[in-house]
Amino acid sequence: MLMLHLLVLGALTQGCRGCQGHQGLGSNACEFFPQDLSVNVGKLTVPQAVLDEWAVVVNKTASDYSTEDGGFVVSVVFRGQPVLERGYGYANSPSGGAPDPKQSIFRPGSVTKLFTALLALRAYEDGKVNLDAPLSACFANIDPLSSPLLDQASMRAAMSHLGGIPREAPCTEQAACNFTTSEMLWRLRDAVPLWPSFLRPAYSNLGFDLVGQAVAAVYNEAYEKLMTRMVFKPLGMIDSGFEFTPSVLARMANGTATANKDLDQLGWGNPAGGAYSTGHDMSTLLALLTAPKGQIPHFFTFPEATRNMWKSPQYVFPSGNAAFALPFEMTRDANIGAWRIGKSGSVDSFSTQVLLLEHFDIGISVMANDNAMSAGPIADELADALFPLVAKTLRQAEQQLPRPLPPSQFPLDSFVGVYTGDSVAAGGVVTANVTVTDARLQILVAFQGNAFPSYLDYVAPSTVFSGGIRARLTVPPIDGLSCYFRSLLAFDAEELDVGDDSLRFQHMIVGVTLRRQTPKVQ
């Protein structure tokens with residue numbers, strides 16, 4: 001089946017400022033975001049010899065890192081397949097061996113939030129939770145009284161740190177936060193949000209505690225057991241969990257800094273940072289994140305659109321160079337022209353960093369066991385060495401693919417039809433009603449009861465997408481159209497399978513699948 005990709009140029013390659021309400025759009029009303037330099041990696045074949053070269057680069061960079069103060073484990077995965085898993089330094093003492101990716105246990109700290117977000121998204125796919133409903137709805141059977149905080153914040157807002165939720169749970173007098181959910185809700189009964197949801201971000205551990213415990217309340221099952229049943233076990237993360245049994249403690253890669261101290265136990269706060277895991281299990285998580293489209297492991301039912309939502313920005317900072325996802329923390333790599341999608345965490349003297357490169361199906365995880373050698377700088381150094389090499393290799397290979405069809409042979413009229421779809425904006429859920437009327441791709445976007453015409457004009461064959469065209473979007477200034485929603489008008493688009501009968505509009509910042517409401521033109 002022929003895939004149609006539209007790479008939009010011009011003044012509307014702009015994204016969300018995370019602004020509340022709606023603004024008039026003068027020429028400078030929205031920030032300018034640099035255009036993505038993507039690549040159609042799904043159609044490329046990377047020889048094993050190239051993967052081996054990447055592993056050599058990673059190994060050399062990691063080996064040059066000082067390991068006098070402890071050890072770390074590196075995992076690199078490309079398109080769902082491991083490129084390298086290796087330990088460096090020492091697990092427990094300078095005289096002992098290096099950490100074993102499959103045996104040595106680390107604490108990933110706030111990287112636990114990735115696990116909790118995955119649990120929430122699986123519950124969403126099960127139809128158990130509404131990501132945009134107030135958190136109080138999930139706790140109704142436990143505490144019908146709720147609180148102003150829980151009546152405002154949704155799961156989506158909490159997972160993207162946009163719920164106006166205080167940073168920590170109110171249990172500082174107990175290191176382990178040993179409360180039941182009912183007791184915690186009582187403590188939060190008078191809690192108020194810091195500000196309205198989606199106004200601006202505020203990093204919140206409490207927000208993730210509430211998300212994890214809300215899902216547990218819906219299933220009427222302990223969060224830790226639910227995580228094992230719905231996330232760790234289906235993924236094959238057999239050495240990840242929350243209970244520090246004697247056998248788990250015996251495998252801890254303690255290093256010298258943590259060997260003689262008690263581990264912090266988070267109790268009710270486990271969803272924000274209480275897990276343990278191994279380098280190999282982190283490779284398994286990276287495999288889910290980097291598997292090519294349509295190749296998510298069969299034993300883990302997870303639609304492509306939901307996986308994309310997991311990694312997609314929910315708030316972009318005004319500079320356009322940083323963003324929060326669910327709950328990834330994203331930074332713009334200007335040299336490559338793509339987002340670095342990451343999550344870091346630390347607890348006790350352990351630290352972990354996960355990094356992905358948008359569009360290129362490559363991921364890195366570093367788990368370290370001493371504060372003197374934090375995982376973050378190590379992962380950044382590895383990414384600095386590896387990511388440009390991956391991007392260069394794939395872009396060079398992409399140039400060898402068959403060139404696009406000329407416009408006279410391109411089925412532009414296959415887009416004709418009426419579509420609807422929802423996407424979450426800074427101020428709530430935006431419903432896009434799009435009508436494509438002819439081969440020139442006139443688009444009528446319905447907003448606040450009005451229809452605004454815009455046009456996509458063919459410019460040239462795409463130099464970025466194989467089998468695609470480069471197009472220019474023309475749209476008049478629209479008073480009252482928010483920066484976020486206007487960014488939906490600047491998109492890449494691909495025709496999905498005929499059986500799916502819909503279009504996916506993917507802007508470099510956000511994406512939405514539009515469902516066809518009228519028969520497709522044959």
Side-chain angles (χ1 to χ4, degrees), residues 72-87 99-123 125-126 208 211-212 215-216 219 221-245 247-253 266 270-291 295-302 306-307 310-311 326-328 342-345 347 350-356 363-369 375 379:
F72 59 95
V73 168
V74 174
S75 304
V76 179
V77 174
F78 176 64
R79 291 188 187 165
Q81 300 299 318
V83 174
L84 177 141
E85 285 184 3
R86 187 167 298 177
D100 185 329
K102 292 186 176 181
Q103 292 297 319
S104 299
I105 290 177
F106 293 78
R107 299 193 70 184
S110 283
V111 173
T112 303
K113 293 179 174 68
L114 296 184
F115 308 154
T116 299
L118 186 53
L119 174 66
L121 292 175
R122 292 215 73 190
E125 288 298 332
D126 278 353
F208 264 87
V211 168
V215 176
Y219 282 90
E221 191 171 345
Y223 162 81
E224 295 78 8
K225 292 183 178 179
L226 195 61
M227 280 292 306
T228 297
R229 180 171 68 83
M230 292 186 63
V231 175
F232 294 148
K233 187 174 181 180
L235 274 177
M237 297 176 67
I238 60 174
D239 292 304
S240 297
F242 294 90
E243 185 179 359
F244 290 89
T245 63
S247 60
V248 168
L249 292 173
R251 294 171 54 191
M252 296 291 294
L266 302 188
N270 273 337
Y276 64 79
S277 192
T278 65
H280 182 70
D281 277 7
M282 293 306 294
S283 289
T284 303
L285 180 70
L286 289 175
L288 174 64
L289 286 160
T290 64
Q295 297 183 31
I296 294 176
H298 68 279
F299 53 82
F300 197 83
T301 304
F302 204 51
T306 304
R307 183 176 67 162
W310 191 20
K311 300 183 291 181
L326 295 172
F328 290 98
K343 187 72 191 83
S344 61
V347 62
F350 294 96
S351 60
T352 296
Q353 176 75 57
V354 173
L355 283 174
L356 310 167
I364 295 173
S365 167
V366 176
M367 309 187 85
N369 64 4

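No donor-acceptor pair under 3.5 Å is formed between the side chain of S104 and the backbone N or O of P101. A donor-acceptor pair is defined here as one N or O able to donate and one able to accept, closer than 3.5 Å; such a pair exists between the side chain of T228 and the backbone of E224. R251 places no side-chain N or O within 3.5 Å of a backbone atom of D239 that could act as its donor or acceptor partner.
At least one side-chain heavy atom of L289 sits under 4.5 Å from a side-chain heavy atom of F328.
We find the NZ-CD1 distance between K102 and I238 to be 9.0 Å, quoted to the nearest 0.5 Å.
A donor and an acceptor atom, one from each side chain of S75 and S365, are nowhere located under 3.5 Å apart.
A272 pairs by the side chain to side chain contact (heavy atoms under 4.5 Å, CB included) definition with K113, N205, F208, D209, not counting sequence neighbours. Every ring pair (Phe, Tyr, Trp, His ring centres under 6.0 Å) that F242 has, sequence neighbours left out, goes to Y223.
Closest approach of A379 and Q353 over heavy atoms only: CB-CG, 3.4 Å. Nearest heavy-atom pair across W310 and L114 is CZ2-O, 3.6 Å. Closest heavy-atom contact between L118 and L235: CD2-CD1, 3.9 Å. Summarising the geometry of M252 relative to R107, their closest heavy-atom pair is CE-CG, 3.8 Å, with the distance given to 0.1 Å. Closest approach of S110 and S344 over heavy atoms only: CB-O, 3.5 Å. Looking at every heavy atom in both residues, P271 comes nearest to T116 through O-OG1, 2.7 Å.
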Using residues 273-280 as the side-chain source, report each donor-acceptor pair under 3.5 Å to any protein atom, sequence neighbours left out, with the distance given to one decimal.
unit_1 : atom_1 : unit_2 : atom_2 : d
S277   : OG     : S240   : OG     : 2.7
T278   : OG1    : D281   : N      : 3.1
H280   : ND1    : E85    : OE1    : 3.2
H280   : ND1    : E85    : OE2    : 3.0

Worksheet item: Can V354 and M282 be said to form a side-chain contact (heavy atoms from CB on, under 4.5 Å), step by step?
Response: CA-CA 9 Å; V354 173; M282 293 306 294; 3.5 Å; yes
Practice prompt. Go through the steps to decide whether M227 and F232 satisfy the test side-chain contact (heavy atoms from CB on, under 4.5 Å), and finish with yes or no.
Written response: CA-CA 6 Å; M227 280 292 306; F232 294 148; 3.7 Å; yes
Worksheet item: Could you go step by step and tell me if M230 and D126 meet the side-chain contact (heavy atoms from CB on, under 4.5 Å) rule?
Response: CA-CA 11 Å; M230 292 186 63; D126 278 353; 3.6 Å; yes
Item to complete: Give the C-alpha distance, both sets of side-chain angles, the deciding distance and a yes or no for side-chain contact (heavy atoms from CB on, under 4.5 Å) between M367 and T352.
Response: CA-CA 4 Å; M367 309 187 85; T352 296; 3.6 Å; yes
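More than 12 heavy atoms of other residues, nucleotides or ligands sit less than 6.0 Å from atom NZ of K311. Environment of CD in E221: crowded, with over 12 heavy atoms of neighbouring residues, nucleotides or ligands closer than 6.0 Å.
A side-chain contact (heavy atoms from CB on, under 4.5 Å) with V76 is found for one member of L286, T290, I364 and no other, namely I364.
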